[in-house]
Amino acid sequence: MVDLNGQYQTIKEQVNTSISNILETSAFINGPEVKSFQKELETYLGVKHVIPCANGTDALQIAMMGLGLKPGDEVITADFTFAATVEVIALLGLVPVLVDVEIDTFNIDVVALEKAITPKTKAIVPVHLFGQCANMDVILELAKKHNLFVIEDNAQGIGANYIAKDGSKQKSGTIGNVGATSFFPSKNLGCYGDGGAIFTNDDDLAHTLRGIVNHGMYKRYHHDVVGVNSRLDSIQAAVLRAKLPLLDTYNSKRRNAARKYSKAFEGQEHIVVPKLVSNCSEICDTCDCHVFHQYTLRILNGKRDALVQHLNDNDIPCGVYYPIPLHLQKAYADSRYKEEDFPVTNQLVKEVISLPMHTELDEEQIAFITNKVIEFINN
Ligand SMILES: *Cc1c(COP(=O)(O)O)cnc(C)c1O
């Protein structure tokens with residue numbers, strides 16, 4: 001699904017040099033590499049504050065802690081996402097409220113979202129699933145109208161631009177009150193272990209968050225709030241510093257691969273290719289509105305599971321993200337949920353399949369994969 005070694009070979013010298021410098025200086029925690037990466041990421045994103053932390057799940061949790069959400073507060077998010085999003089809501093004693101997604105973008109359905117708002121709702125967590133932003137224009141409008149926080153789960157969207165209705169461009173994760181991302185190795189900007197970060201333009205919130213990641217300390221050994229221990233280590237920061245200047249190139253390689261996939265699937269009646277929303281009608285090179293963390297097809301003729309098997313038999317990696325709606329997971333089931341409220345997620349879990357997507361895919365590999373898919377689906 002990903003080719004981390006191929007990518008490493010192209011940045012090997014820089015990464016190895018920085019890592020051996022860290023080993024020589026022993027500045028493993030909170031070293032200069034972490035501070036430099038923080039500044040470089042702030043510049044890249046055009047955001048006032050980046051707060052590095054240990055992983056993307058922590059980033060989400062710390063963002064919610066920093067906003068002062070209290071047990072019993074309702075937090076609305078999508079039924080079709082990775083479990084981490086809803087896990088942290090539940091862990092903090094908040095009430096997760098799952099809503100359905102849109103069939104064409106896989107992102108939170110803003111109509112269902114509005115219906116789910118109650119007087120207890122305090123926050124919305126849009127997930128920019130597979131690398132394309134949720135409908136932030138409407139989400140921000142609803143948040144303003146109902147006085148809600150917006151926490152972007154940007155683990156899959158780093159580097160993506162959101163092009164608003166008025167044509168303005170903003171980096172994903174910097175649009176709501178706060179954004180969270182992951183640097184898990186297979187993410188678009190991945191390190192060589194675990195890592196994450198929180199973004200915000202709010203000075204007071206940034207100050208609060210910097211204390212929370214460090215045991216609630218604002219002054220050494222003075223613990224003003226309950227915090228956590230969540231740090232990005234220097235070695236991971238060094239890897240991220242080598243990769244950040246290449247992120248736009250990485251994302252454009254992914255988009256290129258996506259364009260070739262979609263071209264090959266043109267005219268296939270049983271295959272639906274990913275839809276681009278934004279203000280662009282095709283996978284264009286300039287707007288960066290989709291960074292293709294995953295390239296996800298819908299298979300309409302009921303052969304999805306058989307296709308997975310067929311690709312496995314041909315040594316082609318593939319993935320089903322995600323096979324079970326969150327509202328049906330044992331940990332998150334709730335008697336308030338009704339099946340008829342989740343028609344799209346219930347359908348998508350049976351139709352979706354993600355093909356290999358990374359920066360090292362070549363023409364030949366894409367042709368091989370698409371031929372195998374098309375041949376099988378039409379047989
Ligand atoms: C990867 C991911 C996370 C969690 O990130 P970790 O760094 O693995 O903790 C959260 N949300 C989504 C949508 C993700 O894809």
Side-chain angles (χ1 to χ4, degrees), residues 45-47 56 59-60 63-64 66-69 73-82 84-86 88-89 94-181 198-202 205 275-280 287-291 293 326-327 341-342 344-345 348:
L45 293 171
V47 71
L60 283 166
M64 289 176 202
L67 291 169
L69 300 180
D73 289 349
E74 293 179 3
V75 179
I76 304 175
T77 192
D79 190 33
F80 191 63
T81 172
F82 182 55
T85 322
V86 68
V88 297
I89 300 172
L94 310 172
V95 181
V97 177
L98 297 167
V99 300
D100 211 4
V101 296
E102 299 174 338
I103 190 96
D104 50 359
T105 66
F106 312 115
N107 277 326
I108 195 163
D109 178 337
V110 290
V111 177
L113 164 58
E114 183 166 21
K115 278 195 204 136
I117 295 172
T118 74
K120 287 187 172 172
T121 308
K122 289 285 152 37
I124 306 169
V125 185
V127 182
H128 304 317
L129 204 72
F130 303 151
Q132 177 166 248
C133 285
N135 189 341
M136 295 303 287
D137 279 296
V138 174
I139 290 168
L140 292 182
E141 251 172 57
L142 289 173
K144 196 166 169 200
K145 185 167 159 201
H146 298 275
N147 201 18
L148 311 174
F149 295 119
V150 176
I151 303 157
E152 297 173 72
D153 181 342
N154 195 37
Q156 302 188 4
I158 195 150
N161 279 314
Y162 181 68
I163 300 160
K165 265 191 307 208
D166 65 6
S168 64
K169 242 190 209 188
Q170 264 173 295
K171 284 283 176 209
S172 64
T174 68
I175 307 161
N177 299 87
V178 60
T181 205
I198 312 157
F199 323 136
T200 185
N201 282 309
D202 179 331
L205 179 60
K275 176 177 169 181
L276 297 210
V277 270
S278 239
N279 288 332
C280 62
C287 74
D288 279 337
C289 63
H290 199 321
V291 294
H293 175 61
L326 286 177
H327 80 274
D341 290 335
F342 302 97
V344 176
T345 306
L348 287 177

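Computed from a predicted structure; not experimentally measured.
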Quiz item: Where do L129 and T81 land on the side-chain contact (heavy atoms from CB on, under 4.5 Å) test, with the steps shown first?
Solution: CA-CA 7 Å; L129 204 72; T81 172; 4.2 Å; yes
Output the distance between atom [atom1] ([X]) and atom [atom2] ([Y]), rounded to the nearest 0.5 Å.
X    : Y    : atom1 : atom2 : result
D137 : L142 : CG    : CG    : 11.0 Å
I158 : F199 : CD1   : CZ    : 4.0 Å
I89  : E74  : CD1   : CD    : 11.0 Å
L140 : L148 : CG    : CG    : 11.0 Å
N161 : C133 : CG    : SG    : 8.0 Å
I124 : I108 : CD1   : CD1   : 7.5 Å

Using every non-hydrogen atom in the two residues, find where [X] and [Y] come nearest and quote the distance to one decimal.
X    : Y    : result
T174 : K171 : OG1-O, 2.7 Å
A112 : V99  : O-CG1, 4.0 Å
E152 : I175 : OE2-N, 2.7 Å
I151 : P126 : O-CD, 3.2 Å
Q132 : V277 : OE1-N, 3.1 Å

Side chains of S168 and D166: do they bring a donor and an acceptor to under 3.5 Å?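 Present: a donor and an acceptor within the cut-off.
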Requested in this report: Assess whether side-chain contact (heavy atoms from CB on, under 4.5 Å) is satisfied between V110 and I139, documenting all intermediate values.
Outcome: CA-CA 7 Å; V110 290; I139 290 168; 3.9 Å; yes
query = Can we say E141 and K165 salt-bridge, meaning some charged N sits less than 4.0 Å from an Asp/Glu carboxylate O?
reply =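 Looking at K165 together with E141, the answer is yes, because their closest N to O distance falls below 4.0 Å.
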Requested in this report: Name the orientation class of the two ring planes belonging to F80 and F106 (parallel below 30°, tilted from 30 to 60°, perpendicular beyond 60°).
Outcome: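 Answer is tilted, since the angle falls between 30° and 60°.
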Taking side chain to side chain contact (heavy atoms under 4.5 Å, CB included) as the definition, give me every residue that meets it alongside F149, ordered by chain and number, with sequence neighbours left out.
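Applying side chain to side chain contact (heavy atoms under 4.5 Å, CB included) to F149 gives L67, L69, A123, N177.
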### Task
Could you please spell out the steps behind the side-chain contact (heavy atoms from CB on, under 4.5 Å) verdict for H128 and H293?
CA-CA 10 Å; H128 304 317; H293 175 61; over 6 Å; no
Between V125 and M64, is any pair of side-chain heavy atoms under 4.5 Å apart?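 Sidechains of M64 and V125: in contact.
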4.5 Å side-chain heavy-atom contact, D73 and V95: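 Contact flag for D73/V95 side chains = no.
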With salt bridge (charged side-chain N to carboxylate O under 4.0 Å, His left out) as the criterion, how do K145 and E114 come out once you've worked through the C-alpha distance, each side chain's angles and the decisive distance to 0.1 Å?
CA-CA 11 Å; K145 185 167 159 201; E114 183 166 21; 3.7 Å; yes
